[in-house]
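All chains are named by letter (A, B, ...) in the order of the sequence lines, taking the proteins before the strands, and each is independently numbered beginning at 1. Computed over heavy atoms, backbone and side chain alike; hydrogens, waters and symmetry mates excluded.
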2 protein chains.
Amino acid sequence: MKTPSCPAPSRREANRQSRREAIVDVAAQSFLEQGYAGTTMSAIAATLGGSKGTLWSYFESKEVLFGAVIERVTDAFRAQLSLILNPDDGVEAALRRFCEKFLRKVTSPEAIAIHRLVVGEANRFPEIGRIFYARAPQQTQRLLADFIEGAMERDELRRDDALTAARQLTALVMYGGHQQMLMGLIDALTPEAIEAEVDRAMATFLRAYAA
Amino acid sequence: MKTPSCPAPSRREANRQSRREAIVDVAAQSFLEQGYAGTTMSAIAATLGGSKGTLWSYFESKEVLFGAVIERVTDAFRAQLSLILNPDDGVEAALRRFCEKFLRKVTSPEAIAIHRLVVGEANRFPEIGRIFYARAPQQTQRLLADFIEGAMERDELRRDDALTAARQLTALVMYGGHQQMLMGLIDALTPEAIEAEVDRAMATFLRAYAA
DNA sequence: CAAAAACCGTACTCTATAGTACGAAGATAT
DNA sequence: ATATCTTCGTACTATAGAGTACGGTTTTTG
């Protein structure tokens, strides 16, 4: 927790905090659905029910608000994947479950929207690319790499650079349906399609990294 | 050639044609550098030296012009890769050379700019995603798949679904530096980085698809 | 060379939106 | 209770950019 409950939470501070969150909520929805250019501060204020002056008293500009949205949204992206990697079921089963959950997650409508936003605005806002990468792909790769490293040390996978292996596995899983969704060719992956993608990725990965 | 040199190329038609191309050139540069929202029709007209009225006489709206740019730019993307896949050097050498050229290409500044544009505007312009996908990634995969299929039939690679193998190879090559460039973490790949990426991808691919 | 088409420059309309100003009304603290 | 801070509503400024109008000039055609 970083929230300073130090001297006095003070009703005012609390209100301010929750108000701020409400703003970021509404803004996030709009930015994700409409993109940066398609989002207007006036619409956000209207949806909130408040006045524009109030909105500006929380965020001094659209850009700053956008930054806050990206932080919030990448945070929500992060946690949620860690519990799954349990080596007790065997490496293959653990990896397969991880891939399924991972693929479902990155092909969710929100994840696609974030991805589009980050990539599309990487020119205008160089910071957000770094923020997003550090919090989402890098986090995932590190997690997976740790697991893979363990498996390598137990000789359940061929010994090699674990981070590379992790990246390659995510690459194999993502490059099919995910890319098509990013570019708008398809709107969603059916459960069967997810199964199939994961099967293909796992087959290739295991052949390459068999002990 | 689709140009109708049928009855009379007629100076007027010729001028119109080359003028149109000049417009698309200028527009492409702006769209790629500044994005859709960051590009203004007035700026394009100014760069051209012409007047706005003329610009609108060629393209009835910004959206239409954008469509023309995407077509032009994906066309330029396409051809250029095909000559390389020569099985006489041996499958491994041929694939490695292909991967190198492919990776250099998709990490070129222009390719990154196109990719960002397509992904970033996939919501607003659902068509362009389809156009781009059909002309660039799909084309490449098909080309590579044909080569791989040949190799499989000659038992130089393990027999399996060739299209899947092709997709996986491109995934393995692209997922490192390319993704980081897309998100703005790095501005370019050094030749050494390209070598390294290709080495890693090829190693994994060949292990998985050895005959 | 004349008629027709295309082009130029410039000024214009219209709309959208980021951001500001301000007085009244409401909430919070002491 | 009362002084202070916050919010509301609304009206406003300022800017920017898409698309239009039009009279004069150049280019193409016959």
- line: Closest non-hydrogen atoms of Q141(B) and A166(B), given as atom of the first, atom of the second and distance, are O-CB, 3.6 Å
statement: Between A122(B) and L182(A), the two heavy atoms sitting closest are CB-O, 3.5 Å
query: With a 4.0 Å cut-off, would you call R200(A) and D161(B) a salt bridge?
result: no
- prompt: Of all heavy-atom pairs between A37(A) and K62(A), which one has the smallest distance, and what is that distance?
  reply: O-NZ, 4.1 Å
- prompt: If you take all heavy atoms of V91(B) and A151(B), which pair is closest and at what distance?
  reply: CG2-CB, 3.9 Å
message: Could you tell me if Q168(B) and Y175(A) have a donor-acceptor pair between their side chains, going purely by distance under 3.5 Å?
response: no
statement: Between the CG atom in L117(A) and the CD1 atom in I70(A), the distance rounded to the nearest 0.5 Å is 5.0 Å
task: Can you run down the side chain to side chain donor-acceptor pair (under 3.5 Å) pairs that involve residues 25-37 of chain A, sequence neighbours left out, and say none if there aren't any?
output: D25(A)-R72(A), S30(A)-T39(A)
message: Counting only heavy atoms and a strict 4.0 angstrom limit, can you tell me which residues of residues 56-73 of chain B come near DNA chain D?
response: W56(B), S61(B), K62(B)
- line: The reported gap from CZ in F147(A) to CG in L95(A) (rounded to nearest 0.5 angstrom) is 5.0 Å
statement: Whole-Å distance, L55(A) CG to dC8(D) P, equals 10 Å
Give every pair of a protein N or O atom and an N or O atom of nucleotides 26-30 of chain C that lie under 3.5 Å apart, one pair per line with the distance.
from	atom 1	to	atom 2	distance (Å)
dT28(C)	OP1	N15(A)	ND2	2.6
dT28(C)	O4'	R12(A)	NH2	3.3
dA29(C)	OP1	R11(A)	N	3.2
dA29(C)	OP1	R12(A)	N	3.1

Show every donor-acceptor pair shorter than 3.5 Å between a side-chain atom in residues 44-60 of chain A and any protein atom, with sequence neighbours excluded, or say none if there are none.
from	atom 1	to	atom 2	distance (Å)
T47(A)	OG1	A43(A)	O	2.9
S51(A)	OG	G53(A)	N	3.3
S51(A)	OG	T54(A)	N	3.4
S51(A)	OG	T54(A)	OG1	3.4
K52(A)	NZ	S42(A)	OG	3.2
S57(A)	OG	T54(A)	O	2.8

query: Can you name the nearest heavy-atom pair linking L185(B) to G129(A), along with the distance?
result: CD1-O, 3.8 Å
- prompt: Do any side-chain nitrogens or oxygens of R19(B) fall under 4.0 Å of OP1 or OP2 in dC8(C)?
  reply: yes
message: Heavy atoms within less than 4.0 Å of DNA chain D: which residues of residues 22-43 of chain A have one? Give them sorted by number.
response: none
Short heteroatom pairs, N/O only, protein and nucleotides 9-15 of chain C, under 3.5 Å:
from	atom 1	to	atom 2	distance (Å)
dG9(C)	OP2	G49(B)	O	3.1
dG9(C)	N7	S51(B)	OG	3.4

task: Report the distance from atom CD1 of I112(A) to atom CG of N123(B), rounding to the nearest 0.5 Å.
output: 10.5 Å
field: Evaluation steps, salt bridge (charged side-chain N to carboxylate O under 4.0 Å, His left out), between R124(B) and E121(B)
entry: CA-CA 5 Å; R124(B) 209 192 310 237; E121(B) 305 295 336; 3.2 Å; yes
